[in-house]
Participant: 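Once you've had a glance at the structure underneath, I'll fire off some questions.
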Amino acid sequence: METPKTYEPQQAEDKWYQHWMEKGYFHSEPDEREPYTVVIPPPNVTGVLHMGHMLNNTIQDVLVRRARMLGKNACWVPGMDHASIATEAKVVNKLRQQGIKKSDLSRDEFLSHAFEWKDEHGGIILEQLKKLGASCDWDRTRFTMDDDYYESVVDVFIDLHKKGKIYRGERMVNWDPVALTALSDEEVIHKEVNSKLFYIRYKIAESDDSWLVIATTRPETILGDTAICINPNDARYLNLHGKKAIVPIANREIPIILDDYVDMEFGTGCLKITPAHDTNDYELGNKHKLETIDVFNDNGTMNAHGLHYEGKDRFDIRKEIEKELDEKGYLVKTEDHINKIGYSERTDAVIEPKLSLQWFVDMKDLAKPALDNVANGKIKFHPEKFQNTYKHWMENIKDWCISRQLWWGHRIPAWYYGSGENDYVVAKTEQEAINLASEKSGRTIEASEIRQDEDVLDTWFSSWVWPISVFNGLNEPGNKDISYYYPTNDLVTGPDIIFFWVARMIMAGYEYMDELPFSNVYFTGIIRDKLGRKMSKQLGNSPDPIELIKKYGADGVRIGILISSPAGNDLPFDSAQCEQGRNFSNKIWNAYRLVDSWSVQEDLPQPESSAIAIKWFESRFNQQLKEINEMYDKFRISDALMTSYKLVWDDFCSWYLEMIKPGYQHPIDQKTLEATKGFFESILKVLHPFTPFVSEEIWHLLKDRGEGEDLIVADWPELGNIDSNLLDEFKIAEDVITNIRNIRKDNNIANKVKIDLAVKKNKDLNSRFDVVIIKMGNLAQLDYTSEKVEKANSFIVATNEYFIPFGEEIDVDAEREKVEKELEYAKGFLASIQKKLSNERFVSGAPDNVVALEKKKETDTLSKIAVLEEKLSSLN
RNA sequence: GGGAGAUUAGCUCAGUUGGUUUAGAGCACCUGCCUUACAAGCAGGGGGUCAUAGGUUCGAAUCCUAUAUCUCCCA
């Protein structure tokens, strides 16, 4: 069968993925080898693959595949996150479409709908990852609500509660009036919005017609006002000290209090205090022992405190109350104003600060080791700059609100047996709760008297133990897996979850394993479209990764996404990059086709040019391999790819293969073919982490392979010798060849026409690449001469003069122009060197080697100028 | 408001403790080639006063100080 001219990915991809799976290469069991462990950032169980996942998982796969080839026992644990609020929102939505209201369902009924949904949509993303080539250990797939995982999360709650690190209390929390749940600070997104500043006047109590004016962005909350606050140093308002004011519409009397918290510059300097609906007001309220009036229901409508606005939505009220205040003469004026408003990460609802009874984790002690071990470099961030962000957050850490008024998730193991604030116990089972409750209350508590907390835990409270619980490290401490795989090695994730997840995993790691959870964190950037916009469903600018894979092949897409994505930088994605990736797959494919087309003639001697080409490529390969290894060590993945790309395209294909390529339909000698196949193998190894499919395919086409001789488990190339003299000499040869090609082009000499080259040596150079120059330049002969050659095109490389005799007249003017340009540059260059060298302080101050180098540059440039000038005069 | 980072070719980025650099790469662009591995290709080429202004230094893309613009984080 003829080898197709272009690489066809689909068939090879399915074939090899299946083969790898059958062979169990992705599966890992503890053994005597060094482990290399990565845990996947678990995608939402009902999510679908998007470009961010592609980037993230491609990087993980590259790291894992290389580690496997380095002989480590690579284990990449996949899994899914139950994503409590996101999934619950989806299920609620779907039920609504079916005409079912969540409030009409019991908890169990709702959960059975949710699990149904999970079974239907869950895991799609994992199937999609397989298309990408992800070499995850699928036998170890975990879900954060698997029974044993669930248990470990509950245990952590119980344990932290026992240690006094989890407490229940009424605090100001971020309330999502759409999802009807509290959120953590991290789930709130602050956005700048254009709003209005309302200036409203309050009558001063027991005065005839004295007023004060406050400025607020939220006039609807005046019904919850319990004080007016002014700065004690504000000279304008000394007359207000000790007075009271009357809240418009509500006609309640409230005190005027003094606190230097008030910014005299902002608004009017009079601040209305609504402790129930603003965090700062809440603190002031506590400080001054103010009454708290909550005017809102959980869904953002007004309650009875809202008087005639009861039942209406908070944003509708804002408009209505503006009108009423205006009509009644309270509204002084309005101004345009830009302020920041918090939105729910999940529902995009405007967050309502709300006083609420919730569960919290006290973070202070947990943060300590997590902060120290990043600061001291035990855990490294790539790029490093995220250390600063991390440090700043950790040093100002606040307690974590972990209870959510949802059903989908890990139910809080707290049990209530009375109406008192402390009439509860924390226990794993109902029976245990009964026993504990009886003990605590000093009476016998019946099962019918206790009820479990209705709330579930924040999703991140389950994912912070991910690197531990995927190996059952909490349920079965010290088991074989956890002892072997933990701590894991590298974590690859987005910077957007540095606090949600990364920081908390580090805390959990030290709390429960007394050990870091991973040594390196690689932060990817955010994928944007080519105009720099975030990818979103609304904009429709988010390509379907599976479609891309169909179009360009998985290898092509992997390259497309990695080729310009340094760690931590946003990546403007353009499918043209996948095209580049596809072209690269095809390039390798065609290199194979060429090598495959050669037939060996046993008694054929090895051409000299091939022998030197082989020597050169060996050095060149090792030189590049060294760089690639170093780049991996520094987590510079896209640089490692680029170096590999150029090694293959430029060094191997454009130079090496052209140097050893026999004439059309001519045979090749045994030695050269063997060396070439050896190089090809080394190259496939280097490529395999990036392009697993096409490399495995060619690996098998190149040679017959026995059982288990698959590239995925081949050894990463050993670093060999680098002969830098040889590499330098080749550079000169390369330069000569380029010059010959230029002359051919300028004079329209076809490549197949053989030409002569004469060399006038002004400096002794090793001539072992002459044979290569002859072959690549398609020379009839290469002669050395002591005289300059008339009627010839000429050029200079490394101060030697090269002549290509040409029968007819050459274009003197064009030639002169070229030489003049070159001369001008050389003179400028010389001037910059001589400026340095004539500076006494440079010569005495700079290190010797730097001075010597400048002197060498000067000598070389001088002789080059001499040659050019001579050439120029001969043209005149 | 506080903090962090960035600004190098049309785009995306390198440029290692200041000195092999009057600055490199990939893509894009331009020119010429369908030359028997590849037109998804080959060969060649153009393009940057390193954001701006000062300063330190024998020497600055690199260090310092301001300014401008942008991004992110926190409140």
Participant: Looking at the base of B/C38, is there any donor atom on it, or on the side chain of A/Lys5, that sits under 3.5 Å from an acceptor on the other one?
Facilitator: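 Check fails, no donor-acceptor contact within cut-off.
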Participant: In whole angstrom, give the distance that lies between atom CZ of A/Phe652 and atom P of B/A37.
Facilitator: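 Rounded to the whole Å, the gap is 15 Å.
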Participant: What's the closest nucleotide to the side chain of A/Lys385 if the choices are B/A23, B/G41, B/G5?
Facilitator: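 Per side-chain heavy atoms of A/Lys385, the pick is B/G5.
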Participant: For a quick check of understanding: with a heavy-atom distance under 4.0 Å over all strands, which category does A/Arg744 fall into, base, sugar-phosphate or nothing?
Facilitator: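 It contacts nothing in the nucleic acid.
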Participant: Protein-nucleotides 25-32 of chain B N/O pairs closer than 3.5 Å?
Facilitator:
{"from": "B/A25", "atom 1": "O2'", "to": "A/Lys646", "atom 2": "NZ", "distance (Å)": "2.9"}
{"from": "B/G26", "atom 1": "O2'", "to": "A/Gln580", "atom 2": "NE2", "distance (Å)": "2.8"}
{"from": "B/U31", "atom 1": "O2", "to": "A/Lys745", "atom 2": "NZ", "distance (Å)": "2.9"}

Participant: Whether the side chain of A/Glu658 and the base of B/A37 hold a donor-acceptor pair under 3.5 Å is what I'd like checked.
Facilitator: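 Present.
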Participant: Quick one: which protein N/O atoms are closer than 3.5 Å to N/O atoms of nucleotides 7-11 of chain B? Pair and distance per line, please.
Facilitator:
none

Participant: Please name all residues satisfying ring pair (Phe, Tyr, Trp, His ring centres under 6.0 Å) with A/Trp589, sequence neighbours left out, ordered by chain then number.
Facilitator: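 In terms of ring pair (Phe, Tyr, Trp, His ring centres under 6.0 Å), with neighbours along the sequence ignored, A/Trp589 is linked to A/Tyr7, A/Tyr592.
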Participant: C1' atom, B/G55 versus B/G3: distance in rounded Å?
Facilitator: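 Per the computed distance, 26 Å lies between those C1' atoms.
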Participant: I'd like to compare against my own output: the B/S/- annotation of nucleotides 58-63 of chain B with a strict under-4.0 Å heavy-atom distance to protein.
Facilitator: B-----
Participant: Just the dot-bracket of RNA chain B, please: which string comes out with Watson-Crick or G-U pairs under 3.5 Å, [ ] for crossing, | for another strand?
Facilitator: (((((((..((((.....[....)))).(((((.......))))).....(((((..]....)))))))))))).
Participant: Does a side-chain N or O from A/Lys731 land closer than 4.0 Å to OP1 or OP2 of B/U20, or not?
Facilitator: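 Looking at the OP1 and OP2 atoms of B/U20, neither is under 4.0 Å from any side-chain N or O of A/Lys731.
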Participant: Treat primed atoms plus P, OP1 and OP2 as sugar-phosphate and everything else as base, then score nucleotides 70-75 of chain B 5' to 3': B for base contact with protein heavy atoms under 4.0 Å, S for sugar-phosphate contact only, - for none.
Facilitator: ---SBB
Participant: Return the 5'-most residue of the pair A/Tyr592, A/Ile737 with respect to RNA chain B, ranking by each residue's nearest nucleotide.
Facilitator: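 Whichever sits nearer the 5' end wins; that is A/Tyr592.
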